[in-house]
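What follows is a short report on a single structure.
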Amino acid sequence: MFEKVKESYAELGVDVEKALEVMASTPISLHCWQGDDVGGFEGGDGELGSGLAVTGNYPGKARSIDELQQDIAKVLTLLPGNHRLNLHAIYGDFGGEKIDRDQIEVKHFQGWIDFCKEQGIGMDFNPSCFSHPNADDGLTLSSPDDGIREFWIEHCKRSRLIAAEMGKQLGSAAVTNIWVPDGMKDLPADRQSFRVRLQQSLDSVLAEKLDPAHNIDAVECKLFGIGSESFVVGSHEFYMGYAMKNQTALCLDAGHFHPTEGIADKISSVLLYVPELLLHVSRGVRWDSDHVVLFDDQTQAIMQELVRCDALPRTHIGLDFFDASINRIAAWTIGTRAAQKSLLLALLEPQEKLRAAEQSGDFSTRLMLHEVNKAMPWSVVWNEFCARNNTPTDWQAMSVIKDYESAVLSARA
Ligand code: RNT
Ligand code: ZN
């Protein structure tokens, strides 16, 4: 069957084997925070703040680093290809001690680095500028309070150094993504001084030059959040400008724009001006709700643009969703596989023929090719990719997840 399918793709000028090679060499960065509802292991109440909200109470949430690692290792067996782990600073191993965010060190993350070494995967990192008393009034790097600003600057500086060590030890640069919740529920009087302070704080965070082979800096914008409906300091324009000026990577989160505004169309423009892109593949339903990513139009459009712009070498694909209303291993697996399937679909697009039609002004052929492409048996290629990687098909993965639920997760009541 696969051979037949390969032939029909060849008729459209598509090299299936080449698509599979790209699939095998395109990691997705798995966000650790799907496993425990963005709680982390600082040992406090773990209460989520700063506009982040997880709904649901499905049993089986990881309660310790061991459990989270066990879950991530399980998810990795269910994903074809080689991936990465995206860790937040609150997931360090603090050994029961109260280590505040401005005190974190590499040693608190060495266990995670070793885990990733064992798994043969790279790592990415994030300072956690939320769920902390110093973020309670909604301002961190842009706070008018010098002490609070300095606290978060120190946290972000340390995060970059930790990430660089991760990148060094694992032989693959870690992306450090800075997102801050800063904003206001109600109408500000002076937007600009918050933005000036955010800019200055970021400048101090990024002042030390780090080896790009070890660390890559990214900044993430947002339209609004719960509690920051009227004003978000780190808006799209703010970070677009910041990333351009300072040549950092720009993070585009699929849920961080107006509900009908996709990030796919931004990729070809943004890449003209910033060196690299970080994606937070997510799914907003009516708002930035961080639903599990699906094989839907939005996700397909994002991957299409990455392929059409030949942007994969300059793009870091990460995920950002958290759903506690279903089995968390299933959430991770469904979302990551949906992103991968979307990428495969994009790689199987009859690009040469589409472009030729477009260049010659033959838009009828272009339209027909889009329709022809939709009916192509891409899922046969997906199943082949899974088989070659010794991973189950989607449906087979579900029974593995069910077994893991009864053997492991259900004991975590
Ligand atoms: C929040 C941002 C941010 C976080 C994670 C936990 O709106 O999307 O990326 O979701 O860092
Ligand atoms: Zn995000």
Side-chain angles (χ1 to χ4, degrees), residues 28-42 46-55 68 84-92 101 123-132 135 138-141 152 155-156 159-160 163 174-183 217-229 231-236 238-239 243 249-259 261-263 266 277-293 298-299 302 315-324 328 331-332 335-336 339:
I28 310 280
S29 196
L30 292 187
H31 53 316
C32 71
W33 53 94
Q34 164 57 52
D36 76 329
D37 316 340
V38 209
F41 301 116
E42 284 180 322
E47 208 184 299
L48 200 50
S50 309
L52 300 171
V54 182
T55 47
L68 189 57
R84 305 174 64 86
L85 176 65
N86 192 9
L87 202 70
H88 244 290
I90 49 176
Y91 286 78
R101 308 263 173 103
M123 270 183 108
D124 299 303
F125 199 54
N126 308 261
S128 311
C129 303
F130 52 82
S131 306
H132 187 282
L139 298 166
T140 64
L141 290 179
W152 291 113
H155 176 58
C156 291
S159 295
R160 287 179 80 224
V175 179
T176 304
N177 180 49
I178 300 179
W179 171 75
V180 295
D182 298 35
D217 298 298
V219 288
E220 180 180 9
C221 71
K222 186 163 173 166
L223 176 68
F224 85 95
I226 304 290
S228 64
E229 289 85 352
F231 173 48
V232 167
V233 185
S235 60
H236 180 48
F238 178 89
Y239 279 124
L250 183 71
C251 174
L252 295 176
D253 182 309
H256 285 195
F257 296 87
H258 283 278
E261 187 180 357
I263 61 169
K266 302 178 188 303
L277 213 57
L278 168 64
L279 297 183
H280 272 187
V281 184
S282 189
R283 178 168 58 107
V285 176
R286 301 183 188 277
W287 68 291
D288 180 27
S289 59
D290 291 293
H291 276 62
V292 176
V293 167
Q298 278 237 21
T299 312
I302 293 168
T315 306
H316 307 271
I317 307 176
L319 304 167
D320 189 7
F321 54 80
F322 22 97
D323 191 340
R328 292 170 186 76
W332 251 324
T336 315

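Start at 1 and go down the list; that is how both ligands and their atoms are numbered.
Taking the N/O/S atoms of Asp320 in turn, the shortest distance to the Zn ion (ligand 2) belongs to OD2. The atom name of the N/O/S atom in Asp253 closest to the Zn ion (ligand 2) is OD2. Glu220 contributes OE2 as its N, O or S atom closest to the Zn ion (ligand 2).
Ranking protein heavy atoms by distance to atom 6 (C) of ligand 1, first place goes to His88 NE2, 3.4 Å. Nearest protein neighbour of atom 10 (O) of ligand 1, counting heavy atoms only, is Asp320 OD2, 2.8 Å. Given atom 7 (O) of ligand 1, the protein heavy atom at minimum distance is Lys222 NZ, 2.6 Å.
Here the two rings, on Trp179 and His280, have centers that are 6.0 Å apart or farther. With ring centers used as reference points, Phe321 lies under 6.0 Å from His31. Taking the six-membered ring for Trp and the full ring otherwise, the centers of His236 and Phe257 sit less than 6.0 Å from each other.
Side-chain contact between Leu319 and Thr336 is present, with at least one heavy-atom pair separated by less than 4.5 Å. For the pair Ile263 and Leu279, the minimum side-chain heavy-atom distance is below 4.5 Å.
At a heavy-atom distance under 4.0 Å, no atom of His31 approaches ligand 1. With a 4.0 Å heavy-atom cut-off, ligand 1 is reached by no atom of Asp290.
Taking any N or O of Asn126, backbone or side chain, none lies under 3.5 Å from an N or O belonging to ligand 1. Looking at ligand 1, you'll find an N or O of Glu220 within less than 3.5 Å of one of its N or O atoms. Where the criterion is an N or O separation shorter than 3.5 Å, residue side chain and backbone included, His280 meets it with respect to ligand 1.
Interface atoms of ligand 1 facing Asp288, defined by a heavy-atom separation under 4.0 Å, are 7 (O). Against a heavy-atom cut-off of under 4.0 Å, His256 is close to the following atoms of ligand 1: 1 (C), 2 (C), 7 (O), 8 (O).
With hydrogens and angles disregarded, a donor-acceptor distance shorter than 3.5 Å links the side chain of Arg101 to the backbone of Phe130. For the pair Ser50 (side chain) and Pro181 (backbone), a donor-acceptor distance under 3.5 Å is absent.
For a distance bound of 2.8 Å, the N, O or S atoms of His280 include one lying that close to the Zn ion (ligand 2).
Relative to the ring axis of Tyr239, Lys222 does not place its NZ or CZ within 45° and under 6.0 Å from the centre.
Looking at Asp290 and Arg283, no side-chain N of the basic residue comes within less than 4.0 Å of a carboxylate O on the acidic one, giving no salt bridge.
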